[in-house]
Amino acid sequence: EIFKGTDACCVPVLNPAEAAAHEHNRLRGSFEATPGSPGFYEPAPAPKLSRTPGHVPRPSPIPGGDTRKVLLENGFLKEEVELLLNDGTLSEGKGQTSKL
């Protein structure tokens, strides 16, 4: 507070929650809410460019959630994918998010 409004090169030391709530960061849009985690924030893309603005935080991935799609895109036949899933060689995500 001592340096607020002065031309001094000083910044407060903040924890992550304080940084997201700080007036300067809120006005600049420096943090975005973390999907699926109410009350948590993560840094927004910076710099914010007009042609390549970056992405705001996305929901956590589901391990195995894209198994079928990736295999089909890489030339596997639908029948082959079904066989691999049915015999337990592969598994698909069941809605449990990654712990990354």
Side-chain angles (χ1 to χ4, degrees):
E1 290 298 316
I2 292 172
F3 294 101
K4 189 172 185 171
T6 66
D7 189 19
C9 187
C10 296
V11 294
V13 177
L14 306 172
N15 67 39
E18 292 169 332
H22 191 276
E23 179 183 10
H24 176 81
N25 292 330
R26 282 189 298 104
L27 293 173
R28 292 183 53 85
S30 298
F31 291 85
E32 296 282 343
T34 300
S37 298
F40 288 91
Y41 294 85
E42 51 193 88
K48 294 181 178 169
L49 306 173
S50 59
R51 289 187 291 166
T52 54
H55 299 282
V56 296
R58 297 172 239 188
S60 297
I62 297 172
D66 297 314
T67 300
R68 185 182 305 263
K69 177 183 169 196
V70 170
L71 291 173
L72 293 172
E73 286 176 356
N74 284 281
F76 282 80
L77 299 174
K78 184 177 178 181
E79 295 77 21
E80 291 175 309
V81 174
E82 291 299 328
L83 179 63
L84 293 169
L85 288 166
N86 290 335
D87 72 8
T89 303
L90 300 174
S91 64
E92 290 186 280
K94 302 293 183 206
Q96 189 174 13
T97 59
S98 173
K99 293 183 172 71
L100 294 178

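Not measured: the values here are computed from a predicted model.
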Q: Enter the distance from Arg68:CZ to Asp66:CG here, rounded to the nearest 0.5 Å.
A: 12.0 Å

Q) Applying salt bridge (Lys or Arg N to Asp or Glu O under 4.0 Å), which residue pairs with at least one partner in residues 13-24 are found, sequence neighbours left out? A) Lys4-Glu23

Q) So which heavy atom on Gly29 is nearest to which on Ala44, and how close? A) O-CB, 3.4 Å

Q.
For the OG atom of Ser30 and the NE2 atom of His22, what is their distance to the nearest 0.5 Å?
A. 10.5 Å

(Q) Looking at Thr67 and Glu92, would you say the former's side chain and the latter's main chain have a donor-acceptor pair under 3.5 Å? (A) no

(Q) Return the CD to CG distance between Glu80 and Leu72, rounded to the nearest 0.5 Å. (A) 9.5 Å

Q: For residues Arg26 and Ala20, report the shortest heavy-atom separation together with the two atoms involved.
A: CG-O, 3.5 Å

(Q) Could you work out, with salt bridge (Lys or Arg N to Asp or Glu O under 4.0 Å) as the rule, every residue matching Glu42, not counting sequence neighbours? (A) none

Q. Looking at CZ of Arg28 and NZ of Lys48, how far apart are the two atoms once the value is rounded to the nearest 0.5 Å?
A. 8.0 Å

Q | Crowding at NZ, Lys69 (>12 non-hydrogen neighbours, <6.0 Å) | A | no

Q) When you measure from the side chain of Asn25 to the backbone N and O of Ala19, does any donor-acceptor pair fall under 3.5 Å? A) yes

Q. Can you name the side chain to side chain donor-acceptor pair (under 3.5 Å) partners of Asp87, sequence neighbours left out?
A. Thr89

**Q.** Separation of Thr34 OG1 from Phe40 CZ (nearest 0.5 Å)
**A.** 8.0 Å

Q | Which atom of Phe3 lies closest to which atom of Ala8, heavy atoms considered | A | CD2-CB, 3.5 Å

